[in-house]
*Asks:* 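Please read through the structure below; I'll follow up with questions.
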Amino acid sequence: MSNVKVRFAPSPTGYLHVGGARTALHNYLYAKRKGGKFILRVEDTDQERSTEEALQMQLQDLKWLGLTWDEGPQVGGDFGPYKQSERLSIYKKYADEILTKGKAYYCFLTDEEIDKQREDAMKAGRPPQVQSPYRDWSTEKALTEIKSGKRAVVRFKVPKEATEYGFTDLVRGDVKFPSDMVGDFVLLRSDGMPVYNFCCVIDDHLMKITHVLRAEEHLSNTLRQMMIYEALGWETPQFAHLSIILGPDKQKLSKRHGATSCHEYMEKGFLPEALNNFIALLGWSSPKGQEIMSMKELIEQFDLDRMTSSPAVFDETKLLWVNETHLRALPNADLWMRVKPFLDKHNVNYSGDSDWQSKSLDAFKPAMRTLLDGVTLFSLLDDESFAVYEESREALNWTKSESVILAWSDLVKASGKEYLSALEFEAIQNQVKEKCQVKGKELFMPIRVSVIGKPHGTELKLLVPLLKVDSLVKRASKTIRAAKEKQFKPSPVAEAEKH
RNA sequence: GUUCCCAUCGUCUAGUGGCCUAGGACACCUCCCUUUCACGGAGGAUACAGGGGUUCAAAUCCCCUUGGGAACGCCA
């Protein structure tokens, strides 16, 4: 019904960056909202940096986010191939067309000559543009040079007389460029490989792209691209330039800011729906002012009229909040499926019983911000990783602590059960209270230390039923021993601070 | 340097000339809940970069300044 067709066109030079993911997401949302198509095109004309491995990684990240494409690699489509490196003959054809029209020329300038020109221009306060002496050579003359072995690039002939190129950007409004802002730019490299601005135009046109939503850094490329559209007599698509994403220091988000790839966020235990939700909000806001949204809601509410043109800082703290909110809203069975791979990866043992899993999740959910947090939490229930931590030292030094733990252990053992219920736990706790004549934290802290090795954490009545009785007893005796020998494991936090 | 883009709480943002003594969210602080830690609940502090216009009226329109960013590649 709708003829809206958008594309995400990454270059496979590494992992999928969160900035790229945001561009992909906004394109996807727009397509879905308008009932149009979202296509994926691989811009791999930079042979030096593009790799098949990086491409596979990016495709995987896109799938992880649920941003599936209607046309592109792996799914095909009527306008393929979708890898630019496989479309070389197409680009060649249109380069010839522009050449024939006299709107481009072969240029034999060497890198050194260009560098020198740029340097001189900068010194003289002129924009660093190429001035090619080959601009007015005839194609025939150039071709004979090429036949004799000389290498040449194809340069676009930017009109000498300065005019103004303007278009209406869907997020920025009217934008105008003076044509002399750019010098003659390259269309085809000397090895015949086309360059970004050129293939971008050819492909967007041939693939019938109606709206180009891309990052702001491409804004000034639009001028060159408009010139190419003009030279070919084609109509330009609609452009929308998305504001860039900044790091906390307000500089363009890059690796030195820490995690910047989707893959890293996946490994850190973030949910794809949370990353999507958070990223969607960078440069866009819900008309309802809603903050937490499912993919379905994002699609329903997304449109270009609510895009911001100012850059946005990527705030990991807020991402964490978005993540924990999505995470806690997940049904236990679903959450378990997501936590499990993390537990397996970190060799955390757990019960196969789904009731146990669900109860554990109920107990830990309030403390879980990421799936990775599940690893720390669930290892508390794993006998193999039980240890008494440094932070328990104080509680174990209290005069009655040892007797409390001993009494606790005896009563637990005497229960004869496999697992204690919450009620049974409370009954035992009360008996310990009477027997040792302690209350408050002097009562429950030593008990908690003997259960998880730490004085703080999840409510005991939730925790205790998750551990087998004989495990509780063993843990208690280990705790007593640790207290006597003053052997404590450094707390993870303190450890981290050392580094 | 040149051109272009941008400018509301620390951060993401609402706001399209009167509804703004500027709203929401994250973070922060206080209190409540709680025999701990979290969760949760209730409050609080914090912003229209500066200067000129236009207008009865400006966060909103115009200009300048300042600040930030991007582009100026045989990268994308």
Side-chain angles (χ1 to χ4, degrees), chain A residues 9-13 20 43-46 48-50 84 107 109-111 114-115 118 121-130 151-155 169 171-172 175-178 180-183 185-197 199-200 214-224 241 243-244 246 248 250-252 278 281-292 305-306 308-322 324-325 328 363-369 395 429 433 439-445 447-448 454-460:
Chain A
S11 59
T13 54
E43 308 219 324
D44 58 348
T45 56
D46 184 350
E48 305 261 307
R49 301 197 304 148
S50 301
Q84 292 185 328
C107 173
L109 244 24
T110 61
D111 287 348
I114 291 169
D115 287 346
R118 184 169 297 124
M122 286 289 240
K123 263 185 215 156
R126 280 181 289 118
Q129 296 172 354
V130 171
R151 309 257 287 170
V153 301
V154 174
R155 272 186 201 284
D169 188 285
V171 349
R172 265 148 239 279
V175 180
K176 289 180 176 62
F177 299 104
D180 57 0
M181 183 177 128
V182 292
F185 53 91
V186 172
L187 258 27
L188 253 37
R189 298 175 170 97
S190 54
D191 62 359
M193 233 351 141
V195 132
Y196 165 74
N197 280 303
C199 10
C200 182
R214 56 164 42 146
E216 188 188 340
E217 56 250 45
H218 291 296
L219 186 59
S220 51
N221 281 324
T222 311
L223 172 59
R224 292 183 189 75
H241 289 91
S243 59
I244 46 169
L246 271 23
K250 308 268 183 125
Q251 302 285 305
K252 192 171 165 181
F278 172 72
L281 260 14
L282 257 23
W284 176 79
S285 63
S286 148
K288 295 186 198 167
Q290 205 177 331
E291 301 272 345
I292 298 296
D305 58 357
R306 293 191 66 83
T308 343
S309 43
S310 52
V313 173
F314 190 93
D315 179 9
E316 216 176 293
T317 312
K318 184 156 180 179
L319 167 59
L320 220 35
W321 170 75
V322 172
E324 70 186 38
T325 309
R328 285 171 197 155
F364 292 148
K365 234 190 242 183
M368 231 197 254
R369 310 195 77 186
Q429 194 185 35
K433 184 181 182 178
K439 57 180 184 179
K441 63 180 186 177
E442 295 192 353
L443 169 67
F444 67 83
M445 275 201 184
I447 296 179
R448 180 179 287 104
K454 299 175 182 182
H456 300 292
T458 307
E459 258 183 284
L460 279 169

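Below, chain A is the first sequence line, B the second, and so on; all start at residue 1. Scope of the values below: all heavy atoms of this structure, side chains included, with no hydrogens, waters or symmetry mates.
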*Asks:* To check you understand the geometry: which heavy-atom pair defines the closest contact between A:E43 and A:A9, and what is its length?
*Replies:* OE2-CB, 3.4 Å

*Asks:* Can you tell me how far C1' in B:G23 sits from the matching atom in B:C63, rounded to whole Å?
*Replies:* 30 Å

*Asks:* Heavy atoms, side chains only, cut-off 4.5 Å: are A:S243 and A:S309 in contact?
*Replies:* no

*Asks:* Can you check side chain to side chain contact (heavy atoms under 4.5 Å, CB included) on A:I292 and A:V322, steps first, answer last?
*Replies:* CA-CA 7 Å; A:I292 298 296; A:V322 172; 4.2 Å; yes

*Asks:* Send over the distance from A:K250 NZ to B:U11 C1', rounded to a whole Å.
*Replies:* 8 Å

*Asks:* Kindly compute the distance separating CZ (A:R224) from OH (A:Y196), expressed to the nearest 0.5 Å.
*Replies:*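 It comes to 10.5 Å.
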
*Asks:* Please state the C1' separation for the pair B:U55 and B:U60 - nearest whole angstrom.
*Replies:* 13 Å

*Asks:* Under 4.0 Å between a side-chain N/O of A:Q251 and OP1 or OP2 of B:G68, yes or no?
*Replies:*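 For B:G68, neither OP1 nor OP2 has a side-chain N or O of A:Q251 closer than 4.0 Å.
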
*Asks:* Is there a Watson-Crick or G-U wobble partner for B:A45 with both distances under 3.5 Å, and if so, which one is it?
*Replies:* none

*Asks:* Tabulated below should be each protein N or O lying under 3.5 Å from an N or O of nucleotides 13-15 of chain B; please produce it.
*Replies:*
from	atom 1	to	atom 2	distance (Å)
B:U13	OP1	A:G283	N	2.5
B:A14	OP1	A:S285	OG	3.3
B:A14	O3'	A:R306	NH2	3.4
B:G15	OP1	A:R306	NH1	3.2

*Asks:* Could you give the distance from CG (A:D315) to CG (A:L320), rounded to the nearest 0.5 Å?
*Replies:* 9.5 Å

*Asks:* On a whole-Å scale, what distance lies between the P atoms belonging to B:C12 and B:G17?
*Replies:*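 The answer is 25 Å between these two P atoms.
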
*Asks:* Using whole Å, report how far CG of A:L246 lies from C1' of B:G68.
*Replies:* 9 Å

*Asks:* Could you give the NE2-to-C1' distance, from A:H456 to B:C37, as a whole number of Å?
*Replies:* 7 Å

*Asks:* So, using ring-ring contact (aromatic ring centres under 6.0 Å, His included) as the criterion, who are the partners of A:F177 when residues are at least two apart?
*Replies:* none

*Asks:* Take atom P in B:A57 and the same atom in B:G73, then report the distance between them in whole Å.
*Replies:* 49 Å

*Asks:* Can you name the closest pair of heavy atoms from A:M368 and A:R328 and give their distance?
*Replies:*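 Nearest heavy atoms, A:M368 then A:R328: O-NH2, 3.2 Å.
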
*Asks:* Could you list, one pair per line, each protein nitrogen or oxygen that sits under 3.5 Å from a nitrogen or oxygen of nucleotides 73-76 of chain B, together with the distance?
*Replies:*
from	atom 1	to	atom 2	distance (Å)
B:G73	OP1	A:R118	NE	3.4
B:G73	OP1	A:R118	NH2	3.3
B:G73	OP2	A:R118	NH2	3.0
B:G73	OP2	A:P128	O	3.1
B:C74	O2	A:S190	N	3.1
B:C74	O2	A:S190	OG	3.0
B:C74	N3	A:S190	OG	3.0
B:C75	OP2	A:R189	NE	2.1
B:C75	OP2	A:R189	NH2	2.1
B:C75	O3'	A:R189	NH2	3.0
B:C75	O2'	A:D46	OD2	2.8
B:C75	O2'	A:R49	NH2	3.2
B:A76	OP1	A:T45	OG1	2.5
B:A76	OP1	A:D46	N	3.3
B:A76	OP1	A:R189	NH2	2.9
B:A76	OP2	A:Y196	N	3.0
B:A76	O3'	A:E43	OE1	2.8
B:A76	N6	A:N221	OD1	3.2
B:A76	N6	A:N221	ND2	3.2
B:A76	N1	A:N221	ND2	3.3

*Asks:* By the rule that syn is within 90° of 0, classify the base conformation of B:C39 as syn or anti.
*Replies:* syn

*Asks:* Please report the distance separating the P of B:C5 from the corresponding atom of B:G44, rounded so that it comes out in whole Å.
*Replies:*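 The same atom, P, in both gives a distance of 42 Å.
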
*Asks:* What do you reckon, is CZ of A:R151 surrounded by more than 12 foreign heavy atoms closer than 6.0 Å?
*Replies:* no

*Asks:* Calculate the interatomic distance between A:L320 atom CG and B:C26 atom P; express it in whole Å.
*Replies:*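 Distance check: A:L320 CG to B:C26 P gives 13 Å.
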
*Asks:* Side chains of A:T45 and A:R189, heavy atoms from C-beta outward: is any pair under 4.5 Å?
*Replies:*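 Of all side-chain heavy-atom pairs linking A:R189 with A:T45, at least one is under 4.5 Å.
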
*Asks:* Expressed as a whole number of angstroms, how long is the span from A:M445:CE to B:U34:P?
*Replies:*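 My rounded result for the distance is 17 Å.
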
*Asks:* Do any N or O atoms of the protein come closer than 3.5 Å to N or O atoms of nucleotides 38-48 of chain B, and which pairs are they?
*Replies:*
from	atom 1	to	atom 2	distance (Å)
B:A38	O2'	A:P366	O	2.8

*Asks:* Suppose we define a pair by two distances each less than 3.5 Å, Watson-Crick or G-U wobble; what does B:U34 pair with here?
*Replies:* none

*Asks:* With nearest nucleotide decided by heavy atoms, which residue, A:R172 or A:P455, maps closer to the 5′ end of RNA chain B?
*Replies:* A:R172

*Asks:* Enter the distance from A:I244:CD1 to A:E216:CD here, rounded to the nearest 0.5 Å.
*Replies:* 5.0 Å

*Asks:* What distance, rounded to whole Å, do you find between the two C1' atoms, one in B:U11 and one in B:U46?
*Replies:*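 It works out to 12 Å between them.
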
*Asks:* According to the Watson-Crick and G-U wobble definitions, with both distances under 3.5 Å, which nucleotide is paired to B:A25?
*Replies:*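 For B:A25, the partner nucleotide comes out as B:U11, under the 3.5 Å rule.
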
*Asks:* In whole angstrom, give me the gap between the C1' atoms of B:C74 and B:G67.
*Replies:* 36 Å

*Asks:* Between A:D46 and A:S11, is any pair of side-chain heavy atoms under 4.5 Å apart?
*Replies:*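 No, too far: nothing below the 4.5 Å cut-off.
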
*Asks:* Rounded to the Å, how far apart are A:E216 CD and B:A7 P?
*Replies:*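 Going from A:E216 (CD) to B:A7 (P), I get 10 Å.
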
*Asks:* Quick one: closest heavy-atom pair of A:D169 and A:H241, and the distance?
*Replies:* OD2-ND1, 2.6 Å

*Asks:* Got a sec, which residues hit ring-ring contact (aromatic ring centres under 6.0 Å, His included) with A:F314, two or more places apart in sequence or on another chain?
*Replies:*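 Here the qualifying residues are A:Y265, A:F278.
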
*Asks:* With a 3.5 angstrom cut-off on both distances, give the Watson-Crick or G-U wobble partner of B:U60, or none if there isn't one.
*Replies:*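 Pairing partner, where one exists within any strand: none, as none qualifies.
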
*Asks:* Taking only N/O atoms, report every protein-nucleotides 28-31 of chain B pair under 3.5 Å with atom names and distance.
*Replies:*
none

*Asks:* A:S309 side chain: which of B:C26, B:A70, B:A7 is closest?
*Replies:*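 Nearest to the side chain of A:S309 among the choices is B:A7.
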
*Asks:* Would you name the heavy atoms of A:D44 and A:S50 that are closest together and state the gap between them?
*Replies:*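 The answer is CA-OG, 3.5 Å.
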
*Asks:* Charged N to carboxylate O below 4.0 Å: is that the case for A:K318 and A:E291?
*Replies:* yes

*Asks:* If I take atom CG in residue A:L319 and atom P in nucleotide B:A25, what distance separates them, rounded to the nearest angstrom?
*Replies:*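 The answer, rounded to whole Å, is 19 Å.
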
*Asks:* Report which part of the nucleic acid A:F444 touches: base, sugar-phosphate, or nothing (heavy-atom distance under 4.0 Å, all strands).
*Replies:* base

*Asks:* When the distance from CE of A:M181 to C1' of B:C5 is rounded to whole Å, what number comes out?
*Replies:*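 Result: 10 Å.
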
*Asks:* What does B:U3 pair with, Watson-Crick or G-U, if both distances are under 3.5 Å?
*Replies:* B:A70

*Asks:* Looking at every strand, decide which applies to A:K365 at a 4.0 Å heavy-atom threshold: base, sugar-phosphate, or nothing.
*Replies:*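 Nothing, no nucleic acid heavy atom in range.
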
*Asks:* Would you mind classifying the nucleic acid contact of A:G289 as base, sugar-phosphate or nothing, using non-hydrogen atoms under 4.0 angstrom?
*Replies:*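 Touches nothing.
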
*Asks:* If the P atom of B:G50 is compared with that of B:G43, how far apart are they to the nearest Å?
*Replies:* 31 Å

*Asks:* Determine whether A:L219 and A:R172 make a side-chain contact, defined as any pair of heavy atoms from C-beta on separated by less than 4.5 Å.
*Replies:*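 When only atoms from C-beta onward are counted, A:R172 and A:L219 do touch, with a gap below 4.5 Å.
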
